[in-house]
Amino acid sequence: MDAIQLPKSWSVDRILDDLDQHGFSIVDDAYETEYIVDLIAECTHNLARFRDAAIQNGIVSNIRSDHILWLNPDLKVSNQHVQMLEILGQALNRAFYLGIKDVEAHFACYNAGEFYALHKDNPQGKNGRMISSVYYLHDEWQADWGGELRLQDKNGAWHVLAPKPNRMALFQSDLLHEVLLAKHQRLSITAWLRSDSGII
Ligand SMILES: O=C(O)CCC(=O)C(=O)O
Ligand SMILES: [Fe+2]
């Protein structure tokens with residue numbers, strides 16, 4: 001059996017270098033069209049199952065208004081993306097000894113008017129999230145549709161990153177970031193490369 005390989009567009013040396021220098025990296029044209037079509041179909045067919053991300057254990061928070069669906073092995077197409085991130089995690093471990101053992105991921109849908117205010121995915125290193133990854137899977141994103149990922153890099157500089165279709169953003173989970181208000185439906189897979197296992 002052939003070993004699973006990362007897509008060519010995921011230039012691992014560049015990703016490692018970007019993460020080392022800036023704490024984040026952008027991969028454009030991450031996947032081939034054939035896979036993207038299947039991924040969008042899997043996401044949109046399941047939209048009715050997405051739940052309010054702001055409600056966790058019955059507690060409502062006002063920092064985010066998106067809707068999410070945690071991935072599980074039954075979602076076969078999105079699981080291939082998780083497998084790719086597992087392979088990338090091994091390369092990160094070899095380079096930076098991050099001790100990544102697990103990838104957890106959810107689909108996210110921001111409808112028009114939805115956002116995620118400034119936060120860190122791993123404040124004060126209190127959970128095992130080492131690297132955050134967001135892959136954008138809507139098929140179009142225009143410049144005036146908002147919904148940018150605004151991120152402070154490890155040197156303190158701010159970046160406003162458009163959620164371009166077929167783009168993946170990777171960043172250290174302890175960096176401050178937010179999702180600016182989206183004016184159109186914005187679809188993504190957020191995943192965390194973790195040094196422990198389990199959902200927080
Ligand atoms: O969708 C994005 O660009 C970022 C999402 C995010 O920050 C999160 O889900 O924690
Ligand atoms: Fe986040």
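In each ligand, atom 1 is the first atom listed, and ligand 1 is the first ligand listed.
Ring centroids of F50 and W70 are separated by 6.0 Å or more, keeping the two rings apart. In this structure, H81 has its ring center no closer than 6.0 Å to that of Y35. Between H177 and W158, a ring centre-to-centre spacing not shorter than 6.0 Å is recorded. For Y116 and Y110, the gap between ring centers reaches or exceeds 6.0 Å.
The Fe ion (ligand 2) has an N, O or S atom of D121 inside 2.8 Å of it.
In the candidate list Y136, Y116, Y110, Y136 is nearest to atom 3 (O) of ligand 1, counting heavy atoms. In this structure, of V179, L161, D66, N122, the residue bringing a heavy atom nearest to atom 4 (C) of ligand 1 is V179.
In this structure, atom 1 (O) of ligand 1 lies nearest to the protein heavy atom R186 NH1, 2.8 Å.
Here the CZ-CG distance, from R14 to L19, works out to 9.5 Å after rounding to the nearest 0.5 Å.
Close contacts of ligand 1 with D121, meaning ligand atoms under 4.0 Å from a residue heavy atom, involve 10 (O). Near V134, meaning under 4.0 Å from any of its heavy atoms, are these atoms of ligand 1: 1 (O), 2 (C), 3 (O), 4 (C).
For H119, the heavy-atom gap to ligand 1 drops under 4.0 angstrom. Put simply, no part of E178 is less than 4.0 Å from ligand 1, judged by heavy atoms.
At least one donor-acceptor pair under 3.5 Å links the side chain of N93 to the backbone N or O of G99. The main-chain N or O of A112 is never found under 3.5 Å from a side-chain atom of Q185 such that the two would form a donor-acceptor pair.
Looking at H106 next to ligand 1, no N or O pair under 3.5 Å apart turns up.
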